[in-house]
Each structure stands twice: as C-alpha cells, then as structure tokens.
Amino acid sequence: MASSYPKAPQRKRPKNLNLLTIRLPIPALVSIMHRVSGAFLFMLLPVLLWVLHQSLANDESYQLAQAVLHHPIAKLICLAVTWAYLHHACAGIRHLALDAHYGLRLNYARATSRAVLIVSGLLTLRMGIWLW
C-alpha cells in the first residue's frame, strides 16, 4: 500500500563513530561521571561491607583489616571510593536542583557543573591529605 505522504529527502550526514573524538559539553561529562561513580559505589558495596564486618568480628580480624588498609594501594582505592562518593553526592545535589528547575539555563548549567568538579576535587584532596 503506497503512502500518501511525500518521502523525506535523504541527506548524507557525516557520522562520527569514534567515541574518543567526540567533545561532550561539561554538563554531559558531569552527568556521565555521576552515573559511573554511582555504579562504582554500588559494585564496591559488598567489598566495603565485608571489610567492615571483618573489622568488627574480633580483635585479630580488626588488626588484619587495619594492616591491609594502611597499604599504599589500599589507600589509593580508599581515595578513589572517597572521590566517587563525594562526586556522586555533589552531582546528586546539582541534579536535585535541576529537577526543581533551578539552573536550567546554559550558563548556570555549565557553572554548576564546574562547581561540582571543583568542590568534589577539593574535598577529595582534603580527605587524601587526611588519609596520608
């Protein structure tokens, strides 16, 4: 059955399928990082709960957990978890404000995205100094 609507003209549009060359705006990067940090925290939750359980089980397991957590690689992992938590919290507050229709204009969205990156970075730096 033939359609009575005219056919849309076919345009040859360039396609960029290389994800490494696409320049995303800063609000999009912050939003993607918010999702990645949430997924990272969710997947790491069983490990964090196991370490907490081991540290509370008895004195020997507490000493073992403390010794493991004093290793530099464990401190880097703790710093990554700290960044993920702080970024996820700051970006979550930003998303709540956007849901309440605050900061929807482009210049405000860019400014709050930069603020999320700066605040979460500074707080992570502060926690890293305290951790070491």
Visitor: Are more than 12 heavy atoms from other residues, nucleotides or ligands located less than 6.0 Å from atom CD1 of Ile73?
Guide: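 Check fails, neighbour count at 12 or below.
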
Visitor: Can you get from Leu24 to Val36 by hopping between Ile, Leu, Val, Met, Phe, Trp and Tyr side chains that sit under 4.5 Å apart?
Guide: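 Linked, Leu24 and Val36 end up in one cluster.
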
Visitor: Tell me whether Ile32 is reachable from Ile22 by hopping between hydrophobic residues (I, L, V, M, F, W, Y) whose side-chain heavy atoms are closer than 4.5 Å.
Guide: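 Per the 4.5 Å side-chain linkage, Ile22 and Ile32 are co-clustered.
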
Visitor: Using side-chain heavy atoms (C-beta onward) and a distance below 4.5 Å, is Leu122 in contact with Thr124?
Guide: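 SC-SC contact between Leu122 and Thr124 ruled out.
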
Visitor: Side chains of Leu131 and Cys78: does their closest heavy-atom pair fall under 4.5 Å?
Guide: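 SC-SC contact between Leu131 and Cys78 confirmed.
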
Visitor: Would you mind reporting whether Ser37 and Trp83 have side-chain heavy atoms less than 4.5 Å apart?
Guide: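 Answer yes - side chains close enough.
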
Visitor: Start with the C-alpha distance between Lys75 and Leu69, add both sets of side-chain angles, then the distance that settles side chain to side chain contact (heavy atoms under 4.5 Å, CB included), and finish with yes or no.
Guide: CA-CA 6 Å; Lys75 286 185 179 185; Leu69 289 176; over 6 Å; no

Visitor: If we only count heavy atoms from C-beta on, is the Arg110 to Pro27 side-chain gap below 4.5 Å?
Guide: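 Sidechains of Pro27 and Arg110: in contact.
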
Visitor: Hey, does Leu41 have a side-chain heavy atom less than 4.5 Å from the side chain of His88?
Guide: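 Yes; the side chains approach each other to less than 4.5 Å.
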
Visitor: From His53 NE2 over to Leu48 CG, what is the distance, rounded to the nearest 0.5 angstrom?
Guide: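 Reported value, rounded in 0.5 Å steps: 14.5 Å.
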
Visitor: How close do Gly128 and Leu79 get, heavy atom to heavy atom, and via which atoms?
Guide: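 Closest approach of Gly128 to Leu79: CA-CD1, 3.5 Å.
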
Visitor: Starting from Val47, can I reach Val81 by hopping between I/L/V/M/F/W/Y residues whose side chains sit under 4.5 Å apart?
Guide: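 Looking at the clustering, Val47 is in the same group as Val81.
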
Visitor: Hey, any chance Trp130 and Leu125 share a hydrophobic cluster, counting ILVMFWY side chains that come within less than 4.5 Å of each other, even indirectly?
Guide: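 The answer is no; the residues belong to distinct hydrophobic clusters.
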
Visitor: Parallel, tilted or perpendicular: which one describes the rings of His95 and His34, with boundaries at 30° and 60°?
Guide: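 Aromatic pair His95/His34 classed tilted.
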
Visitor: Do Val116 and Met33 sit in one hydrophobic cluster, given that two such residues count as connected whenever their side-chain heavy atoms are within less than 4.5 Å of each other, even indirectly?
Guide: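 Yes, Val116 and Met33 fall within the same hydrophobic cluster.
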
Visitor: Testing the basics here: between Gly103 and Leu98, what is the closest heavy-atom pair and its distance to 0.1 Å?
Guide: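 Where Gly103 meets Leu98 most closely, the heavy atoms are O-CD2, 3.3 Å.
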
Visitor: Kindly determine whether Arg105 and Tyr108 satisfy side chain to side chain contact (heavy atoms under 4.5 Å, CB included), including the steps that lead there.
Guide: CA-CA 5 Å; Arg105 295 175 62 189; Tyr108 294 131; 3.8 Å; yes

Visitor: Donor-acceptor check, side chain of Ser120 to backbone of His87, threshold 3.5 angstrom: yes or no?
Guide: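 Between the backbone of His87 and the side chain of Ser120 there is no qualifying donor-acceptor contact (under 3.5 Å).
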
Visitor: Do Arg94 and Ser113 have side-chain heavy atoms sitting under 4.5 Å apart?
Guide: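 A side-chain contact exists here, since the closest heavy-atom pair is under 4.5 Å.
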
Visitor: Closest approach of Ala84 and Phe40, non-hydrogen atoms and distance?
Guide: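 That would be CB-CD2, 3.6 Å.
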
Visitor: Measuring from atom OG1 of Thr112 to atom CG of Leu117, what distance do you get when rounded to the nearest 0.5 angstrom?
Guide: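 Spacing of OG1 (Thr112) from CG (Leu117) equals 10.0 Å.
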
Visitor: Once side-chain hydrogen bond (donor to acceptor under 3.5 Å, both in side chains) is applied, do any residues pair with Thr82, and if so which ones, sequence neighbours excluded?
Guide: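 Once residues adjacent in sequence are excluded, Thr82 has no partner under the side-chain hydrogen bond (donor to acceptor under 3.5 Å, both in side chains) criterion.
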
